[in-house]
Amino acid sequence: MTRPRVRFAPSPTGYLHIGGARTALFNWLWARKTGGTFILRVEDTDQERSTDESVRVIFDSMRWLGLDWDEGPHAGGDCGPYFQMQRLDLYREYAEKLIRAGAAYRCYCTREELEAQRNALPEKKRAHWVYPGTCRERRDEPDLPYVVRQKLPRGGAVAYTDLVCGAMSTPCDAMQDQVLMRSNGVPLYNFGAVVDDVTMGVTLVARGKDHLINTPPQILLYRALDADVPQFAHLPMMLTPTGEKMSKRLGDQQGIDVPVGAYREKGWLPDAVLNYIARFGWSAGDQEIFSREELIEKFDWNHVGNHDGRYDKKKALWVSAEHLRKRTDDELAAMVLPFLAKRGLTVDAADARLVPAVHTVKPRASTLVEMADAMDYYFRDEPVVDAKAAEKFLTADAKPKLAALADVVAAVEPFAEAEIHNAVEAWLASQSLEIKHVAQPARVALTGRSASPGLYEVMAVLGRDVTVARLRKASA
RNA sequence: GGCCCCAUCGUCUAGCGGUUAGGACAUCGGCCUCUCACGUCGGUAACACGGGUUCAAUUCCCGUUGGGGUCACCA
């Protein structure tokens, strides 16, 4: 069997969204697993909505996710160009081919005429209007603008086996003579995609299930072109938490991130994003957490489910947290730096507090943004004090204890977690106190918050001077 | 509405005729504990419904219901 050639073909009309990333991922995984080729093609034939900015954003997101393409823009390849608007001649050529083969015809009906026909129908029936085939058998070639329409066979059905959905069959009468080429010579999706997939030698088309309906007419096109029909794999839809088609608008409404860029900004690791979307609609036994390599190793079409699912924010965050915890403190330190900077904390990569600080917050963060937040008080001159916490714990009763604690801590040598622990324990015992009597006030004094890593580890990271100063200040 | 697809805990899923229907997230308890987490132990929780086929259906078939997708000179 020849090496698979798969592709991801976004249209640059906005961000790369999480569902699109999933489609790209499944294609990429298959290519990487089989030693095949992953092609990136830009379907920019919608001139109204396509923008260069979107192209840039999509490439950015793909690179960030680490979904590298073997052929496509910036990567080269023998089947370029990889922007559809640069392949217009090719589409014209193939349109002619189809006309000669009797699988397409020129249609001179104007939009106005068609619109009028549709409007002549009773309100209820308008949705069912289909092109009546007016120009189907037309022989003359008037000097008028025309579109190229697909000439569907009468009767019969198109059958194929989908890698995910199984045996599929659609009667030809359920389709219509769709427009292949606009009057301005720019192809529509169903035509451009087929011509490109043929000329790029694509062997497997994996895309969202929303394309299921496009497949039968496309197969007819492959046949008319006398080209090999690729395999198809239609991925179940990733829907919003309430079960609707994903969109930026609904995502915002329901508190989930749809653009891939949002995950980057929120401090997700690319591998975590990949893990979540891979596991969505696909499984490998009981395993939940996968490295990129494991994904490649274990991915297969057999275990891709065929029913749509809903995005689960909490599980997604859990996956994110798991990936964070797999990284070493050093790695995380380097990664969290930009997120600290975003909060105005310029920390030197060599700062001795950095890695220990990361260590203390690692089990408490799901994203790098959360991690940076949890580290805030380590690097700010004065902790940002939560008013409620201060009111509750920095009481008149607590202040003398904090002053005493400051004195105890000031004398600890060396100033390390275990030593601090021992010294404080000894002092508590001598005062007939328990840690719970001073822990929360001290925590607020040191971090400004009522929740934080363990007191002694916080002290050790802060260092003696800062610890003592903060305790004294709070006791004043 | 037509056409197409789908249907196991709240969510993601395992299951591919015979299982105490498994795992994960979430949730609820216990433990750990200076708070919050992490960790750990345990609990609640599902085969949409109705017909068939079969010695036997979550599993196969049909219908109902429900959900989703799609009906452009968008992709």
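Residue numbering restarts at 1 for every chain, and letters A, B, ... go by the order of the sequence lines.
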Identity of whatever pairs with B:U44 - Watson-Crick or G-U, under 3.5 angstrom: none
Partner nucleotide of B:C49 by Watson-Crick or wobble geometry (both distances under 3.5 Å): B:G63
Qualifying salt bridge (charged side-chain N to carboxylate O under 4.0 Å, His left out) pairs with a residue from residues 271-289 of chain A, counting only residues at least two apart or across chains: A:Asp271-A:Arg292, A:Arg279-A:Glu288, A:Glu288-A:Lys315
Atom P, compared across B:U40 and B:C55: separation rounded to whole Å: 48 Å
Contact list for residues 416-427 of chain A, test salt bridge (charged side-chain N to carboxylate O under 4.0 Å, His left out), sequence neighbours left out: none
Donor-acceptor contacts, no H, no angles, side chain residues 142-149 of chain A, under 3.5 Å, sequence neighbours left out:
from, atom 1, to, atom 2, distance (Å)
A:Arg149, NH1, A:Asp177, O, 2.8

Test ring pair (Phe, Tyr, Trp, His ring centres under 6.0 Å) applied to A:Tyr82 - qualifying residues, sequence neighbours left out: none
P atoms of B:U58 and B:G50, separation to the nearest Å: 11 Å
Residues in salt bridge (Lys or Arg N to Asp or Glu O under 4.0 Å) contact with A:Lys245, at least two apart in sequence or another chain: A:Asp210
Watson-Crick or G-U wobble partner of B:C32, both distances under 3.5 Å: none
Contact residues, residues 178-188 of chain A to RNA chain B [heavy atom, < 4.0 Å]: A:Val179, A:Arg182, A:Ser183, A:Leu188
Sugar-phosphate, base or nothing in reach of A:Glu43, heavy atoms under 4.0 Å: sugar-phosphate
Whole-Å C1' distance, B:U33 and B:A21: 37 Å
Ring-ring centroid check A:Tyr189 A:His211, cutoff 6.0 Å: yes
Residues within residues 416-440 of chain A bordering RNA chain B, heavy-atom distance below 4.0 Å: A:Ile435, A:Ala439, A:Gln440
Sugar-phosphate only, base, or nothing, as touched by A:Arg279 at under 4.0 Å among non-hydrogen atoms: base
B:A56 pairs with, by Watson-Crick or G-U criteria that keep both distances under 3.5 Å: none
Touch class at under 4.0 angstrom, heavy-atom based, for A:Pro453 against every strand present: base
Pairing of A:Arg7 and A:Asp196 as salt bridge, 4.0 angstrom limit: no
Pair assignment for B:U11, Watson-Crick or G-U wobble, requiring both distances under 3.5 Å: B:A24
First of A:Ser450 and A:Tyr276 reached from the 5' end of RNA chain B, by closest nucleotide: A:Tyr276
C1' gap between B:A45 and B:G10, integer Å: 9 Å
Test side chain to side chain donor-acceptor pair (under 3.5 Å) applied to A:Glu53 - qualifying residues, sequence neighbours left out: A:Arg56
Sugar-phosphate, base or nothing in reach of A:Gly454, heavy atoms under 4.0 Å: base
Listed partners of A:Lys392 passing side-chain contact (heavy atoms from CB on, under 4.5 Å), at least two apart: none
Span that lies between the P atom of B:C49 and that of B:G66, in whole angstrom: 15 Å
Between OH on residue A:Tyr456 and OG1 on residue A:Thr360, distance to nearest 0.5 Å: 16.0 Å
A:Phe59 ring center within less than 6.0 Å of A:Trp69 ring center: yes
A:Glu297: side chain to side chain donor-acceptor pair (under 3.5 Å) partners, not counting sequence neighbours: none
Cationic tip of A:Arg380 above A:Tyr378 ring, under 6.0 Å, 45° of axis: no
Sugar-phosphate, base or nothing in reach of A:Ser452, heavy atoms under 4.0 Å: base
Range on RNA chain B touched by chain A - first to last nucleotide, heavy-atom distance under 4.0 Å: B:G1 to B:A75
Rounded distance in Å between the P positions of B:U53 and B:C12: 34 Å
Touch class at under 4.0 angstrom, heavy-atom based, for A:Arg49 against every strand present: base
Touch class at under 4.0 angstrom, heavy-atom based, for A:Gly281 against every strand present: sugar-phosphate
A:Trp282 vs A:Glu322, nearer the 5' end of RNA chain B by closest nucleotide: A:Trp282
Spacing of the P atoms in B:C41 and B:A24 (rounded, Å): 10 Å
Paired nucleotide for B:C71 [Watson-Crick or G-U wobble; both distances under 3.5 Å]: B:G1
Counterpart base for B:A37, defined by Watson-Crick or G-U wobble contacts under 3.5 Å: none
Same-atom distance (P) from B:C4 to B:A56, integer angstrom: 33 Å
Considering only distance and modelled atom types, tabulate donor-acceptor pairs under 3.5 Å from the side chains of residues 158-174 of chain A, sequence neighbours left out.
from, atom 1, to, atom 2, distance (Å)
A:Asp162, OD1, A:Val164, N, 2.8
A:Asp162, OD1, A:Cys165, N, 2.9
A:Asp162, OD1, A:His234, N, 3.2
A:Asp162, OD2, A:His234, N, 3.3
A:Asp162, OD2, A:His234, ND1, 2.6
A:Asp173, OD1, A:Gly155, N, 3.3

Sugar-phosphate, base or nothing in reach of A:Thr45, heavy atoms under 4.0 Å: sugar-phosphate
